[in-house]
Amino acid sequence: QVQLAEAGGGSVQAGGSLRVSCTASEYTDNYVLMAWFRQAPGKEREGVACIKRGGSGVLYADSVKGRFTISQDNARNTVYLQMNSLKPEDSAMYFCAAGGPWYGAACPVRDYPYTSWGQGTQVTVSS
């Protein structure tokens, strides 16, 4: 199973920016999808953004559209989440996930078919 390592979380004031990254230990056809999820205390896990290897099929949750950008560096097996105009409600533990194979045009921002998960990185936005 692929190992995922997140980095880049932290604390920022509302309106600020952060970039988190996720590096996978390997790439195989079973992990063509990469995604970011988040979970705040007392809330369910929420899909934030996903990307299919090659850069196609990007999808965002409505709550982050226009503010967050997911991208990837295939040579480094790394996916990034650039978060701008952060709000206090964006505060959560952010998890990277990988999954596949996937033959749809768009990647899914839901738990299935992600099978590998990182340990998470905390993002805190203060008002």
Side-chain angles (χ1 to χ4, degrees):
Q1 195 171 28
V2 68
Q3 303 299 313
L4 302 174
E6 300 103 333
S11 298
V12 67
Q13 289 191 327
S17 298
L18 281 174
R19 189 177 79 159
V20 291
S21 65
C22 172
T23 299
S25 58
E26 63 179 312
Y27 169 73
T28 71
D29 287 343
N30 288 332
Y31 301 106
V32 296
L33 301 176
M34 297 287 286
W36 287 96
F37 291 76
R38 66 186 181 186
Q39 188 168 22
K43 294 189 176 181
E44 292 188 356
R45 185 166 60 197
E46 172 191 21
V48 175
C50 63
I51 189 168
K52 189 174 178 181
R53 191 172 182 90
S56 64
V58 172
L59 194 67
Y60 297 95
D62 288 343
S63 57
V64 305
K65 279 181 182 176
R67 300 188 298 120
F68 290 13
T69 303
I70 190 170
S71 62
Q72 63 185 182
D73 182 338
N74 291 335
R76 292 180 170 84
N77 287 338
T78 298
V79 64
Y80 303 95
L81 185 69
Q82 177 67 43
M83 303 179 287
N84 298 329
S85 301
L86 283 161
K87 305 175 182 180
E89 51 263 44
D90 293 318
S91 296
M93 186 70 78
Y94 282 70
F95 298 91
C96 175
W102 188 258
Y103 304 105
C107 57
V109 189
R110 59 172 188 265
D111 281 11
Y112 175 81
Y114 300 96
T115 54
S116 292
W117 296 81
Q119 294 298 309
T121 184
Q122 179 68 39
V123 171
T124 302
V125 184
S126 59
S127 58

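Residue numbers count from 1 along this sequence.
A donor atom on one side chain and an acceptor atom on the other are found under 3.5 Å apart for T23 and T78.
Between the side chain of T115 and the backbone N or O of G99, no donor-acceptor pair lies under 3.5 Å. Side chain of E6 to main chain of G120: a donor-acceptor pair is present (N/O by atom type, distance under 3.5 Å, no hydrogens or angles). Using a distance-only test at 3.5 Å, with no hydrogens or angles considered, no donor-acceptor pair links the side chain of E26 to the main chain of A24. A side-chain donor-acceptor contact under 3.5 Å links Y60 to the backbone of I70. Put simply, the side chain of Y114 gets close to the backbone of P108: a donor and an acceptor are under 3.5 Å apart. A distance-only check finds no donor-acceptor pair linking the side chain of E46 to the backbone of A40 [under 3.5 Å].
Note on Y27: it clusters hydrophobically with W102, by side-chain heavy-atom contacts below 4.5 Å among ILVMFWY residues. Residues V58 and V48 share a single hydrophobic cluster, defined by chaining ILVMFWY side chains whose heavy atoms lie under 4.5 Å apart. Note: the hydrophobic cluster containing V64 does not contain Y80 (ILVMFWY, side chain heavy atoms under 4.5 Å, direct or indirect links).
The CD atom of Q72 lies 11.5 Å from the NZ atom of K52; values are rounded to the nearest 0.5 Å. To the nearest 0.5 Å, atom CZ of residue R53 and atom CG of residue L33 are 11.5 Å apart. Here L86 contributes atom CG and S11 contributes atom OG; the two are 11.0 Å apart, rounded to the nearest 0.5 Å. The distance from the OG1 atom of T121 to the CE atom of M93 is 7.5 Å, given to the nearest 0.5 Å. Rounding to the nearest 0.5 angstrom, the gap separating the CZ atom in R67 from the OG atom in S17 is 10.5 Å.
Here the closest non-hydrogen pair linking M34 and C96 is CE-SG, 3.8 Å. What you find for R38 and Y94 is that their closest heavy atoms are NH1-OH, 2.9 Å. When every heavy atom of V109 is checked against every heavy atom of C50, the shortest pair comes out as CG2-SG, 3.4 Å. In plain terms, the two heavy atoms of V125 and K87 that are nearest each other are CB-O, 3.3 Å. Residues R45 and Q39 share a closest heavy-atom pair of N-NE2, 3.7 Å. S25 approaches V2 most closely through the heavy-atom pair OG-CG2, 3.4 Å.
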Kindly determine whether F68 and W36 satisfy ring pair (Phe, Tyr, Trp, His ring centres under 6.0 Å), including the steps that lead there. CA-CA 11 Å; F68 290 13; W36 287 96; over 10 Å; no

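A salt bridge links K65 to D62: at least one charged side-chain nitrogen sits closer than 4.0 Å to a carboxylate oxygen.
A side chain to side chain contact (heavy atoms under 4.5 Å, CB included) with N30 is found for one member of P113, P101, S116 and no other, namely P101. For the pairing with W117, the ring-ring contact (aromatic ring centres under 6.0 Å, His included) check across F95, F37, Y31 returns one residue only, F37.
Looking at heavy atoms from C-beta onward, V123 lies in side-chain contact with M83 at the 4.5 angstrom threshold.
Environment of CZ in R76: sparse, with no more than 12 heavy atoms of neighbouring residues, nucleotides or ligands closer than 6.0 Å. Residue E89 qualifies as enclosed at atom CD: its count of foreign heavy atoms under 6.0 Å is above 12.
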